[in-house]
Amino acid sequence: MTKLPLSWFEGTNVVEIARLLIGKIIRTDFDGKLTSGRISETEAYAGVSDKASHAFGGRRTARTETMYANGGTAYVYLCYGIHHLFNIVTNVKDVPHAVLIRGILPLEGEEQIRQRLNKPNPIPSGKLATGPGLVSKALGISTLHTGILLENTITIWEDGFHPERIEITPRIGIDYAKEDKDLPYRFLLV
DNA sequence: CAGTAGATGCTCT
DNA sequence: GAGCATCTACTGT
C-alpha cells in the first residue's frame with residue numbers, strides 16, 4: 001500500500017484524475033480514530049469553463065478560494081445547511097479544478113463509521129456510504145478541514161486494486177448548469 | 001417498495 | 001432573500 005504523493009494531484013486532466021481515483025483508498029486519522037474506505041464514486045468539476053463548478057468564470061470568493069490552491073488540497077464546504085461535501089483540488093495553483101468524492105466502501109474502522117452514521121446494528125454490505133454528505137460523515141470530515149493538504153490526517157492510498165469496470169454518467173444535482181449538465185464527468189465502481 | 005416534505009445554514013445577488 | 005454538487009423520516013401502497 002502506497003500513499004499518493006501530492007504531486008499526483010497536480011495533473012492537468014481533472015476528468016482523468018476523477019476516473020483514476022475510483023478504487024483508490026481514502027483514509028482519515030482524527031484523534032487516533034482511523035477510518036478508511038475504497039472510493040466507489042467520483043465527479044469531476046472542471047474549473048472556470050464548467051458551469052457546474054463553484055469557480056465557473058473565474059469566480060473567487062472566501063468559499064471558493066480553496067479551489068485555487070495547489071493540487072492535493074482538501075476542499076470541503078457545506079451544502080443544504082447540513083451536509084459537508086469533500087472534494088480534492090487538482091491541477092496546479094490558480095487552476096480551480098476539483099474532484100467530488102460521492103461514495104466509498106468502508107474498509108478500516110467500520111465500528112467507528114457506524115457510530116458516526118448512527119447505524120448501530122448491521123452492516124448491509126456494499127453501499128454503506130454512498131452520497132457525498134455521507135462520505136464526509138462516515139470519515140469524520142467537516143468544513144473545518146477545508147484547505148488542508150492530503151498528507152497527514154486525510155490521505156489517499158493505492159493498493160493493488162484495479163477496477164474491472166467503471167460506469168460513466170452525467171453528474172447529479174446540477175441541472176442549473178445548463179449545457180454542461182450532461183457532461184460524462186461522473187464515475188462509478190460497478 | 002415509491003414518493004414527498006422538511007430540515008438547516010452559509011454563500012452570493 | 002433565494003438557492004443550493006443532500007439525507008432522513010415519514011407517508012402510503
Side-chain angles (χ1 to χ4, degrees), chain A residues 9 13-22 26 35 37 39-69 71 73-91 95-106 113-148 150 154 156 166-189:
Chain A
F9 301 99
N13 188 339
V14 66
V15 178
E16 175 80 357
I17 291 176
R19 187 170 62 75
L20 290 174
L21 277 172
I22 295 292
I26 176 169
T35 48
I39 296 171
S40 59
E41 186 178 342
T42 61
E43 282 179 5
Y45 285 85
V48 298
S49 61
D50 181 357
K51 287 198 172 176
S53 170
H54 290 160
F56 173 67
R59 248 183 342 178
R60 285 186 101 119
T61 67
R63 176 176 66 155
T64 62
E65 191 60 31
T66 303
M67 293 189 79
Y68 292 83
T73 302
Y75 172 48
V76 189
Y77 78 98
L78 194 62
C79 186
Y80 297 106
I82 305 175
H83 305 291
H84 300 257
L85 302 207
F86 173 69
N87 302 250
I88 299 173
V89 175
T90 70
N91 214 311
V95 181
H97 289 181
V99 176
L100 171 66
I101 308 299
R102 291 187 56 91
I104 59 167
L105 307 171
I113 289 175
R114 289 210 318 267
Q115 270 181 35
R116 286 179 180 146
L117 296 178
N118 284 327
K119 292 229 154 82
N121 295 333
I123 297 187
S125 74
K127 296 190 161 187
L128 189 54
T130 51
L134 292 185
V135 169
S136 310
K137 201 172 172 189
L139 297 174
I141 296 172
S142 78
T143 52
L144 295 174
H145 306 294
T146 201
I148 69 170
L150 303 180
I154 308 176
I156 310 291
I166 293 177
E167 191 175 329
I168 305 177
T169 77
R171 293 169 291 182
I172 301 296
I174 54 150
D175 286 350
Y176 62 88
K178 307 204 167 169
E179 65 266 28
D180 286 337
K181 79 180 169 62
D182 294 322
L183 291 172
Y185 282 4
R186 176 170 176 245
F187 302 92
L188 299 109
L189 187 61

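A note on names: the letters A, B, ... follow the listed sequences, proteins ahead of strands, and every chain is numbered from 1.
By the 4.5 Å heavy-atom criterion applied to side chains, A:Pro96 and A:Val48 are counted as neighbours. Taking 4.5 Å as the limit, some side-chain heavy atom of A:Leu21 sits within range of a side-chain heavy atom of A:Ile156.
Atom-to-atom, CG of A:Leu144 to P of B:dC10 comes out at 12 Å; the value is rounded to the nearest Å. Straight-line distance from the NE2 atom of A:His84 to the P atom of C:dC7: 13 Å, rounded to whole Å. Counting to the nearest Å, the P atom of C:dT6 and the CG atom of A:Asp175 are 10 Å from each other. When rounded to the nearest whole Å, the span between NZ of A:Lys137 and P of B:dT8 equals 13 Å. The interatomic distance linking A:Arg116 (CZ) with C:dT8 (P) rounds to 16 Å, in whole Å. Here the P atom of nucleotide C:dA5 and the CG atom of A:Leu100 are 10 Å apart, to the nearest Å. Nucleotide C:dG3 holds its P atom 17 Å from the NZ atom of A:Lys51, rounded to whole Å. C:dT6 atom C1' lies 13 Å from atom CD of A:Glu41, rounded to whole Å.
In this structure, A:Tyr77 and A:Tyr75 have parallel ring planes: the angle between them is below the 30° cut-off, well short of the 60° mark.
Interface remark: the A:His83 side chain does not form any donor-acceptor pair with the C:dA5 base, using a distance-only criterion of under 3.5 Å.
Residue A:Asp50 forms a salt bridge (Lys or Arg N to Asp or Glu O under 4.0 Å) with just one option from A:Lys178, A:Arg171, A:Lys181, and that option is A:Arg171. For the pairing with A:Thr66, the side-chain contact (heavy atoms from CB on, under 4.5 Å) check across A:Val76, A:Thr146, A:Asn87 returns one residue only, A:Thr146.
When both pairing distances are held under 3.5 Å, C:dA9 makes a Watson-Crick or G-U pair with B:dT4.
Contact between the side-chain N/O atoms of A:Thr61 and the OP1/OP2 oxygens of B:dC12 is found at a separation under 4.0 Å. Contact check, A:His54 against C:dA5: a side-chain N or O comes under 4.0 Å of OP1 or OP2. An OP1 or OP2 oxygen of C:dA5 is reached within less than 4.0 angstrom by a side-chain nitrogen or oxygen of A:Tyr176. Contact annotation: A:Arg186 does not reach the phosphate of C:dA5 (side-chain N/O to OP1 or OP2, under 4.0 Å).
Residue contacts for A:Arg63: at a heavy-atom cut-off of 4.0 Å it reaches the sugar-phosphate backbone alone, with no base atom in range. At the heavy-atom level, A:Ile82 lies under 4.0 Å from base atoms of the strands shown.
Of the candidates B:dC10, C:dA5, B:dT13, the closest approach to any side-chain atom of A:Leu78 belongs to B:dC10.
A:Tyr45 qualifies as a stacking partner of the C:dA5 base, centre to centre under 5.5 Å and near-parallel within 30°.
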